[in-house]
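Take a look at the structure set out below.
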There are 2 protein chains.
Amino acid sequence: MKRKITLKQIAKELDVSISTVSKSLRNSLEIGEETRLKVQAFAKFYNYKPNNIALSLKNRKTKSIGIIIPEIVHYFFSTVINGIEQVANEYGYSVVICVSDDSFDKEVLNMEMLANGSIDGFIMSLSKETQYKGDFHHITEVINQGMPVVMFDRVTNDILCDKVIIDDKSAAYEAVQSLIDSGRKKIALVTTVDYVSVGKLRTDGYEKALLDNGLPFNEDLIIKIEDVDTCEITISELLHARAFDAVFAVNELFAVTIIKTANKMGLKVPEDIAVIAFTDGIISKYSTPTITTVSQSGEKMGNKAAKMLIERIEAEEDDDEEHNENYITEVIETHLIKRESTD
Amino acid sequence: MKRKITLKQIAKELDVSISTVSKSLRNSLEIGEETRLKVQAFAKFYNYKPNNIALSLKNRKTKSIGIIIPEIVHYFFSTVINGIEQVANEYGYSVVICVSDDSFDKEVLNMEMLANGSIDGFIMSLSKETQYKGDFHHITEVINQGMPVVMFDRVTNDILCDKVIIDDKSAAYEAVQSLIDSGRKKIALVTTVDYVSVGKLRTDGYEKALLDNGLPFNEDLIIKIEDVDTCEITISELLHARAFDAVFAVNELFAVTIIKTANKMGLKVPEDIAVIAFTDGIISKYSTPTITTVSQSGEKMGNKAAKMLIERIEAEEDDDEEHNENYITEVIETHLIKRESTD
DNA sequence: TTGCTTTACGAAAACGTGGTAGTGTTGAAA
DNA sequence: TTTCAACACTACCACGTTTTCGTAAAGCAA
């Protein structure tokens with residue numbers, strides 16, 4: 001019912017000036033002890049807290065960071081948010097989250113909405129559509145305005161900024177290599193459409209592993225899924241032909257679908273078909289059999305991204321105007337989590 | 001590099017007053033066409049956008065809403081956020097998210113951080129610890145300051161505010177009834193500790209369904225899990241004793257663990273044991289067998305909560321001071337999604 | 001008394017915006 | 001010529017803070 005109390009109100013009530021109140025609360029020695037204590041007591045009684053908006057306006061710092069991600073109901077992305085939130089909290093920052101829904105327009109809209117003073121910097125992962133279009137003007141724009149941006153996971157070389165990624169290529173390589181090591185010869189790749197940056201990189205790693213081991217790289221064994229619902233059919237066809245004895249899937253949804261399809265056809269995992277998935281999410285941990293995955297450690301990515309962003313923000317404070325543009329790309333380590341879907 | 005342009009800079013550049021610029025941009029008829037167009041062209045060229053912070057300060061409206069939830073890496077909560085985000089976006093609001101980590105202190109801290117002007121209202125779900133302590137002073141405080149609060153899912157009767165919940169008791173009743181209908185007689189309940197409000201309600205529904213059907217309510221068949229890791233042991237003991245032929249689990253994590261444990265012991269789901277879980281999440285959809293669940297529709301809850309909050313916020317705008325305190329509690333419908341874990 | 005320092009506080013600007021009220025010029029009607 | 005409206009624009013205030021600068025009063029030495 002009663003609005004928050006302001007400096008002005010305190011000043012009026014105690015019949016002193018606003019500046020006196022402000023200084024008293026900051027324990028300035030300029031103010032006599034009697035007045036100081038009186039003001040402090042009064043402020044405490046009325047539970048005075050400075051208004052964040054006014055502070056932001058004054059300091060040109062909002063102490064909040066914007067996150068723009070394609071989805072939020074998504075294990076990986078939510079772990080990243082979690083990681084960001086932890087660090088942000090630690091440094092006294094709030095996080096504002098916008099979901100692009102994998103739409104270019106929403107991504108642009110969201111960025112514009114936040115770019116006008118609401119936040120001190122961005123952490124983002126590109127939407128599919130943005131990667132497809134290759135249009136990054138909205139991002140360069142905010143960067144040109146002097147707002148720091150950190151990209152993670154789905155990044156692009158066309159933008160110069162700090163980045164946090166995993167080495168998708170070598171992680172895929174490692175996964176495929178482990179399938180080869182366990183004696184698999186015909187390894188299928190189930191992936192997304194090409195324009196998603198990480199999909200492309202993982203395909204590269206898959207190919208390299210095959211070639212390095214003297215195995216043929218067969219385009220027919222690469223299954224590109226646009227829509228999860230249709231993948232079952234494609235997969236069952238290939239399974240019928242017994243075309244492969246192992247699968248490397250770029251995400252766990254594909255992996256679990258493969259396993260289920262295989263089971264329906266009477267094929268056993270891992271005996272008949274070994275499965276490895278990218279993204280160590282909740283499905284892999286609880287599916288039957290549990291799925292061997294490449295851990296992506298979203299939390300670590302979030303931690304790192306937040307740290308990088310906040311450091312940039314607070315660095316700019318000091319040597320103002322002096323943009324040092326030696327951007328870094330942090331590579332987060334991955335490792336294979338062996339579970340029941342491989343032997 | 002170049003900071004965002006302000007009204008003042010435009011005014012200076014074009015040698016007119018700030019108000020002239022402001023009015024030109026808002027297409028006021030007060031300003032002559034020539035000047036107006038000149039200003040608009042200039043503003044467009046320099047991509048002028050009003051500063052959100054300044055607007056917030058002036059309008060005493062931030063156009064953002066704060067969300068405080070116990071966890072974010074959690075299917076249900078992330079769907080709720082998704083639902084909130086959709087509606088918020090539609091109305092031009094941003095969402096600021098804080099995670100309480102089920103800690104009372106963090107919840108208080110986060111609320112205090114946001115309450116000082118950063119947001120126009122709260123949407124929250126209580127942390128476990130807060131429910132345990134029963135201390136809600138931080139919430140009453142912001143409500144007393146005139147800030148609207150909407151609680152969802154984990155709510156309390158001790159706070160008067162708008163709420164969005166599901167009818168946990170009758171949903172549980174329905175689930176247990178369906179188990180009874182399919183001929184099950186010894187139905188176990190796997191639940192959390194009591195102080196979590198929803199856990200209690202679901203237990204009530206479970207009990208009522210049993211009694212209404214003339215089945216005994218046996219405390220031994222209620223398994224309270226504090227930590228997921230320990231539940232496997234408890235469950236396997238009961239399974240050994242063949243103490244039950246069906247399980248109602250208050251979340252899908254418990255359900256999938258039960259299924260896995262049963263499988264290990266050579267018991268078949270649903271033949272030997274039928275399983276129903278609360279919370280229709282991703283695990284239920286992809287586990288083997290897929291799990292029959294009570295859909296909780298987090299998205300709908302989020303939609304509704306956001307709508308209620310925004311309506312309150314914008315209502316206060318009009319009849320200022322005139323708090324109408326007829327708070328409502330919206331009950332979101334649930335329904336049973338039958339899958340393979342029941343027959 | 002004069003001149004100087006110290007103490008204790010206040011006034012005002014700044015951050016960026018938007019609305020209300022006001023000002024001065026022009027042209028036309030009386 | 002006077003009066004008044006229309007026009008085109010400016011001044012100023014408010015939002016809540018912090019901070020710089022200013023200054024009145026008091027104390028003290030000469």
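This is a predicted model, so every value here is computed, not measured. Convention: sequence-line order gives letters A, B, ...; per-chain numbering from 1.
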I need the [atom1]-[atom2] distance between [X] and [N], as an integer number of Å.
X	N	atom1	atom2	value
Ile18(B)	dG19(C)	CD1	P	15 Å
Ile53(A)	dT17(D)	CD1	P	12 Å
Lys58(B)	dG19(C)	NZ	C1'	6 Å
Glu33(A)	dC9(C)	CD	P	11 Å
Leu7(B)	dC15(C)	CG	C1'	13 Å
Leu29(B)	dC9(D)	CG	P	13 Å
Glu34(B)	dA8(D)	CD	C1'	11 Å
Ile31(B)	dT23(C)	CD1	P	17 Å

Applying a 4.0 Å non-hydrogen cut-off, can you work out what [X] is touching in the nucleic acid: base, sugar-phosphate, or nothing?
X	result
Leu55(A)	sugar-phosphate
Thr6(A)	sugar-phosphate
Leu57(A)	base
Thr35(A)	sugar-phosphate
Lys8(B)	sugar-phosphate

Practice problem: Tell me, with the steps shown, if Val150(B) and Val164(B) meet side chain to side chain contact (heavy atoms under 4.5 Å, CB included). | Solution: CA-CA 7 Å; Val150(B) 176; Val164(B) 182; 4.1 Å; yes
Practice problem: Would you state whether a donor and an acceptor, one from the side chain of Ser17(A) and one from the base of dA11(C), lie under 3.5 Å apart? | Solution: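 Donor-acceptor pair under 3.5 Å: no.
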Exercise. Classify the side chain of Thr20(B) versus the base of dA8(D) as yes if they form a donor-acceptor pair under 3.5 Å and no if they do not.
Key: no
Taking the side chain as every heavy atom from C-beta outward, state whether [X] and [Y] have any pair of such atoms under 4.5 Å apart.
X	Y	value
Met147(A)	Ile143(A)	no
Glu71(B)	Asp101(B)	no
Val21(B)	Val16(B)	yes

Distance-only donor-acceptor hits, side chain of residues 116-124 of chain A, under 3.5 Å, sequence neighbours excluded:
| from | atom 1 | to | atom 2 | distance (Å) |
| --- | --- | --- | --- | --- |
| Asn116(A) | OD1 | Lys4(B) | NZ | 3.0 |
| Asn116(A) | ND2 | Glu112(A) | O | 3.1 |
| Ser118(A) | OG | Asn52(B) | ND2 | 2.9 |
| Asp120(A) | OD1 | Thr62(A) | N | 2.8 |
| Asp120(A) | OD1 | Thr62(A) | OG1 | 2.9 |
| Asp120(A) | OD2 | Thr62(A) | N | 3.1 |
| Asp120(A) | OD2 | Lys63(A) | N | 2.8 |

Quiz item: Considering only side-chain heavy atoms of Arg26(B), which listed nucleotide, dT18(D), dG18(C), dG16(D), is closest?
Solution: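 Nearest nucleotide to the side chain: dG18(C).
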Quiz item: Aromatic rings Tyr46(A) and Phe42(A): how do their planes relate, parallel, tilted or perpendicular, breaks at 30° and 60°?
Solution: tilted
Self-check item: Rounded distance [0.5 Å steps], CE in Met151(B) versus CD1 in Ile165(B)
Solution: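 Met151(B) CE to Ile165(B) CD1: 11.0 Å, rounded to 0.5 Å.
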Quiz item: Between Arg60(B) and dG16(D), is there a side-chain N or O to OP1/OP2 distance below 4.0 Å?
Solution: yes
Quiz item: Does atom CZ of Phe104(A) have more than 12 heavy-atom neighbours, drawn from other residues, nucleotides or ligands, at distances under 6.0 Å?
Solution: yes
Quiz item: More 5' along DNA chain C: Ser22(B) or Glu30(A), using each one's nearest nucleotide?
Solution: Glu30(A)
Exercise. Select from Gln9(A) and Lys23(B) the residue whose nearest nucleotide in DNA chain D is closer to the 5' end of that strand.
Key: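 Whichever sits nearer the 5' end wins; that is Lys23(B).
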Quiz item: Angle, rounded to 10°, between the helical axes spanning five pairs at each terminus of the helix from dT1(C)-dA30(D) to dA30(C)-dT1(D)?
Solution: 90°
